[in-house]
Amino acid sequence: MSLRVAVAGTGFIGAVHAQAARAAGGTVVGVAASTPERGRAAAQRLGAERVFEDAAELVTADDVDVVHVCTPNHLHEELSRLALEAGKHVVCEKPLALDLAGARRLADVAAAAPGRTAVPFVYRYYPTVHEVRHRVAAGEAGAVHLVHGSYLQDWLLTPDDDNWRVDADLGGASRAFADIGSHWCDLAEFVTGHRVTRVSARTTTAVPERRRDPGRAAFARANGDDAVARRVTTEDAAIVQFETDGGALGSVVVSQISAGRKNRLWLEVDGAHEALVFDQEDAETLWRGRQDMATTIRRDPATLSPEAARLAILPAGHPQGYHDCFRLFVADVFAAIETGEAPDGLPTFADGVRAAQITEAVLASAREQRWVDVAAGEPAGVAS
Ligand SMILES: NC(=O)c1ccc[n+]([C@@H]2O[C@H](COP(=O)([O-])OP(=O)(O)OC[C@H]3O[C@@H](n4cnc5c(N)ncnc54)[C@H](O)[C@@H]3O)[C@@H](O)[C@H]2O)c1
């Protein structure tokens, strides 16, 4: 029987989840939005069988196997906890909670519950990302010396640009880093196998006042007509240097105010033999640099490593994209539920806690203006 999926939160990413769940063979039995009216419109748009009055009803409903939590961040911990306690499998959007303590509480609930958990760090599902991981693990890139890059967007560039994410009560104390820097760090650790051990960070709130328009969807055009000005406490951008347990140094620039950049996640791994570059906006190829030449590696299932080829669902020259990543991710979640075995690389709540650890260390470093340890499994301690 096909898995019965329900989606709480039907904005940008809720719609992507619903489509991916259906593509992976699930049945979208219901949705819930911020109001029943919005839920009804979303159910029609997304082809869901029913509308739940509210998200709490959805996550505990008898006829639901898998709950997808796609609401604003402040609801993630509570909705996921209710779902896990009701015996559901849970796919919860990042961040798992508003802070590290909340993410840990949720992971503890998950550890005691029968359901499987997953967090959509979906950029892992580009075949070219798996190819970088394979080349590093197989020693083809050589020892990793440097890991660097950026994740740049521009949809919060001006004082007229607003969204619920800007409000710390709804989004969390970190905005740009928790929202998109977490994806970059997840990828950096995923492809290198290294763990970030220490960070030195600076953050900036370059737009200190915004005209309030929290209903504005992510990436939509600004419409500040009736908006009221408010102070902003969350960061627009962060620059982070780091060290890893594998002896590498790294740096990343994370920004939601970089004009003209829409979703530029760019990651370079410099190894002793070769450098590899993944660019999310050009994900069909990897750049490979060697001292004597630079070439590209195509997303061609015929030539990729088996781990990467598993995710190459279209022939070369027929571009795969963001929706495909989500579809592959949800298919892996369903496989984990059905077989009891997690496919290689499936991001779980442990990865969500990891993201929260790094975020907390970045905020502490920026606040205290010093290097901060990111202790594996422990609260970030301050290093001198
Ligand atoms: N993994 C990824 O690549 C990725 C990408 C985008 C967003 N996200 C995450 O997804 C989440 C949602 O982001 P978005 O961009 O879709 O936001 P959005 O504003 O487009 O959508 C949020 C939705 O939540 C609904 N909502 C608000 N309050 C609710 C409530 N009490 N009960 C039920 N629904 C409620 C709203 O009606 C809206 O449909 C965020 O946590 C974000 O971090 C992840």
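Counting convention: from 1, in listed order, for ligands and their atoms alike.
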Q: Take atom CZ of Arg327 as the centre, draw a 6.0 Å sphere, and report whether it contains more than 12 heavy atoms from other residues, nucleotides or ligands.
A: no
Q. With backbone taken as N, CA, C and O and side chain as the heavy atoms from C-beta onward, which portion of Asp179 lies under 4.0 Å from ligand 1: side chain, backbone, both, or neither?
A. side chain
Q.
Counting only heavy atoms not in Arg38 (residues, nucleotides, ligands), do more than 12 fall under 6.0 Å from its CZ?
A. no
Q) Where on Lys94 is there a heavy atom closer than 4.0 Å to ligand 1, on the side chain, on the backbone, on both, or on neither? A) both
(Q) Within ligand 1, which atoms have a heavy atom of Ala55 less than 4.0 Å away? (A) 32 (N), 33 (C)
Q: Below 4.0 angstrom from a heavy atom of His76, which ligand 1 atoms are there? Numbered from 1 as shown, please.
A: 41 (O)
**Q.** Residue pairs fulfilling ring pair (Phe, Tyr, Trp, His ring centres under 6.0 Å) with at least one residue in residues 13-58, sequence neighbours excluded
**A.** His17-His68, His17-Phe326
**Q.** Shortest reach to atom 40 (C) of ligand 1 by a heavy atom, considering only Val7, Asn73, Thr10
**A.** Asn73
Q | Check: Asn163 N/O within less than 3.5 Å of ligand 1 N/O | A | no
Q: Answer with side chain, backbone, both or neither: which part of Cys70 has a heavy atom less than 4.0 angstrom from an atom of ligand 1?
A: backbone
Q) Considering distance alone, does some N or O of Tyr123 sit under 3.5 Å from an N or O of ligand 1? A) no
Q: Apply side-chain hydrogen bond (donor to acceptor under 3.5 Å, both in side chains) to Gln19 and Arg22, showing your working.
A: CA-CA 5 Å; Gln19 192 176 83; Arg22 201 171 289 114; over 6 Å; no
(Q) Could you check whether any heavy atom of Tyr322 sits closer than 4.0 Å to an atom of ligand 1, since that is the contact criterion I want to use? (A) yes
Q | Within-cut-off N or O pair, Arg38 and ligand 1, under 3.5 Å | A | no
Q: Keeping to residues at least two apart or across chains, list the side-chain hydrogen bond (donor to acceptor under 3.5 Å, both in side chains) pairs with something in residues 48-57.
A: Arg50-Asp63
Q) Are any of the N or O atoms of Val122 closer than 3.5 Å to those of ligand 1? A) no
Q) For Ala8, is the nearest heavy atom under 4.0 Å from an atom of ligand 1? A) no
Q: Using non-hydrogen atoms of the residue, decide whether Phe121 is closer than 4.0 angstrom to ligand 1.
A: no
Q. So is there a nitrogen or oxygen of Leu75 less than 3.5 Å from a nitrogen or oxygen in ligand 1?
A. no
Q) Does CD in Glu281 sit with more than 12 non-hydrogen atoms of other residues, nucleotides or ligands closer than 6.0 Å? A) yes
Q: Under 4.0 Å from a heavy atom of His183: give me the atoms of ligand 1 that qualify, with their elements.
A: 1 (N), 2 (C), 3 (O)
Q | Criterion side chain to side chain contact (heavy atoms under 4.5 Å, CB included) against Leu84, the qualifying member of Leu79, Leu106, Val59, Val67 | A | Leu106
Q.
Any carboxylate oxygen within less than 4.0 angstrom of a Lys/Arg side-chain nitrogen, looking at Arg124 and Asp332?
A. no
Q: Compare Glu78, Arg165, His68 and give the one whose heavy atom is closest to atom 14 (P) of ligand 1.
A: Arg165
Q: Can you sort out which atoms of ligand 1 are near Pro120, meaning under 4.0 Å from one of its heavy atoms?
A: 1 (N)
**Q.** Ala15, Cys92, Ser34: member with heavy atom nearest to atom 36 (C) of ligand 1
**A.** Ser34
Q. For residues Thr128 and Glu284, is any side-chain donor paired with an opposing acceptor at under 3.5 Å?
A. no
Q. Can we call the ring centroids of Phe190 and His130 under 6.0 Å apart?
A. yes
Q. Would you say the side chain of Gln153 lies within less than 4.5 Å of the side chain of Asn263, judging by non-hydrogen atoms?
A. yes
Q: Report yes if Phe326 has an N/O atom closer than 3.5 Å to an N/O atom of ligand 1; otherwise report no.
A: no
(Q) Assess whether a salt bridge exists between Asp179 and Lys94, defined as any Lys/Arg side-chain N lying under 4.0 Å from an Asp/Glu carboxylate O. (A) yes
